[in-house]
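For reference, the structure discussed in these notes is given below.
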2 protein chains.
Amino acid sequence: MNDLSPKLIDMEVLERVAPVIRVAAHPLRLRILDYLAVSNEPKIVSDITECCGAAPSFVSQQLRILKDQGILRCQRRGTNVYYTIADRSLLHLLACIRHSQGGEQAVGATIHRGEE
Amino acid sequence: MNDLSPKLIDMEVLERVAPVIRVAAHPLRLRILDYLAVSNEPKIVSDITECCGAAPSFVSQQLRILKDQGILRCQRRGTNVYYTIADRSLLHLLACIRHSQGGEQAVGATIHRGEE
DNA sequence: TCACAATATCGCAATGTTGTGATATACTGA
DNA sequence: TCAGTATATCACAACATTGCGATATTGTGA
C-alpha cells in the first residue's frame with residue numbers, strides 16, 4: 001500500500017534489461033555462450049554448430065541474434081568466421097548454472113551496456 | 001575443434017533453466033518480482049497492479065505465469081489474494097540489475113529447482 | 001440472498017519466436 | 001575462372017507471447 005516506487009528499479013531500466021535476458025532464455029544460445037566461454041578463444045561457426053548439434057542455418061541465426069544484442073562479436077578470416085564473446089554480462093549467469101547442476105540451479109549475469 | 005563437451009553444461013540442464021530465465025525476460029514480471037522483493041511481505045493483487053500501471057487482467061495473467069513456474073506463491077484471505085516470492089532464484093538477478101542502474105547493468109539469479 | 005469488490009479466466013488480434021529447407025553470398029585453391 | 005567449402009539469408013509453417021476487453025468466479029457485508 002505504502003509507496004515503494006522510489007526504491008523500485010526504474011521501469012526504463014527493466015525495459016532495457018529484459019531483451020538481454022530474453023536472449024539468454026534459450027538452451028541453444030546458452031550452449032553457444034557456454035561453449036565460447038569455456039573455449040576462451042574465438043571459434044568458427046562449424047565448431048559451434050557441431051557442439052550444438054543443430055542445423056547450421058539455425059545456429060547461424062542464433063549467432064546473429066547474439067551478435068545483434070552485442071553479446072558476441074565476429075571476425076571473418078578467409079572462409080571462416082570466428083565468433084567470440086564481446087560482452088561478458090551473461091557469463092556470471094553461466095557460472096551460476098554450472099555450479100548448481102545437481103539440485104538447485106543458479107542463474108547470474110552482469111549486463112554491460114555500452115563499452116566494456 | 002578439440003572436444004570440450006565434458007566441460008560444457010549439460011543440454012538437459014540448459015533446457016530446464018531456459019524457461020525460468022524466460023519468465024524473467026519481461027519488464028512487467030521483473031517489476032512484480034522487484035516489488036515483492038522490496039516489500040518483503042505478501043502483497044495483494046490490486047497493490048501489485050497499481051505498482052505496475054497495467055491492466056488488472058494482464059497483471060493477473062503474469063502472476064499466474066510466475067506462480068506456475070514456482071517463482072511466486074499465493075494465498076487467499078477473504079476477497080484478497082496475497083502473493084509472495086516462493087523461489088528466491090531470481091532475486092540475485094534483481095540485485096545485480098539494481099546495483100548497476102547507471103552505466104553497466106547486472107543480471108544475476110540463483111534458480112532453485114524443487115524445495116527451498 | 002444480493003450487490004459489490006477483488007481476482008481470474010476467456011477469446012482474440014497482433015506480434016514474435018522456433019526450426020527447417022532452399023537459396024544466396026563470400027572466399028579459396030586448383 | 002570454376003568447383004567447392006563455409007556461412008548467411010530467405011521464406012515459411014508452426015507455435016508462443018503480448019496485451020486488451022469482456023465475462024466469470026470468489027468471497028464479504030448488508
Does B/Asn80 use its side chain to pair, donor to acceptor, with the backbone of B/Ile44 at less than 3.5 Å? no
Any N or O donor-acceptor pair under 3.5 Å from the base of D/dT17 to the side chain of B/Gln62? no
Side chain of A/Val81: nearest nucleotide among D/dA8, C/dA8, D/dG19? D/dA8
So, is B/Tyr83 near the phosphate of C/dA6, with a side-chain N or O under 4.0 Å from OP1 or OP2? no
Contacts of A/Gly78 and B/Lys67 projected onto DNA chain C by closest heavy atom; the upstream (5') one is B/Lys67
Just to be sure I understand the rule, does A/Thr49 reach a base, reach only the sugar-phosphate, or reach nothing, if contact means heavy atoms closer than 4.0 Å? nothing
With sugar-phosphate meaning primed atoms plus P, OP1 and OP2, does A/Tyr82 contact a base, only sugar-phosphate, or nothing at under 4.0 Å between heavy atoms? nothing
What integer distance in Å separates B/Ile48:CD1 from C/dA6:P? 14 Å
Can you tell me how far P of D/dT9 sits from CD of A/Gln61, to the nearest Å? 10 Å
Whole-Å gap separating C1' (D/dT17) and CD1 (B/Ile65): 8 Å
Mark yes or no for whether B/Arg76, through its side chain, and B/Val81, through its backbone, hold a donor-acceptor pair below 3.5 Å. no
Rounded to whole Å, how long is the line connecting atom CZ of A/Phe58 with atom P of D/dA6? 21 Å
Give a yes or no on whether a salt bridge exists between B/Asp34 and B/Arg98, defined as a side-chain N under 4.0 angstrom from a carboxylate O. yes
Minimum-distance nucleotide to B/Ala55 side chain [options: C/dA8, C/dA26, D/dC20]: D/dC20
Roughly how many Å is it from CG in B/Asp47 to C1' in C/dT7, rounded to a whole number? 13 Å
B/Asn80 CG to D/dT26 P, straight-line distance once rounded to whole Å: 16 Å
Tell me the interatomic distance from A/Arg64, atom CZ, to D/dT7, atom P, rounded to whole angstroms. 16 Å
Whether B/Arg29 contacts D/dT18 is assessed here as follows: a side-chain N or O lying under 4.0 Å from the phosphate OP1 or OP2. Is that the case? yes
What is the distance from CG of A/Leu72 to P of D/dA8, rounded to the nearest Å? 11 Å
Restricting to side chain to side chain contact (heavy atoms under 4.5 Å, CB included), what partner residues turn up for A/Pro27, sequence neighbours left out? B/Met11, B/Leu14, B/Glu15, B/Ala18
When A/Gln62 is tested against each of A/Arg31, A/Arg29, A/Lys67 for side-chain hydrogen bond (donor to acceptor under 3.5 Å, both in side chains), which residue passes? A/Arg29
Are any of B/Ser46's side-chain N or O atoms less than 4.0 Å away from OP1 or OP2 of C/dT7? yes
Determine the contact category for A/Arg22: base if any of its heavy atoms lies under 4.0 Å from a base atom, sugar-phosphate if only primed atoms, P, OP1 or OP2 are that close, otherwise nothing. sugar-phosphate
Any B/Ser60 side-chain nitrogen or oxygen under 4.0 Å from OP1 or OP2 of C/dA8: yes
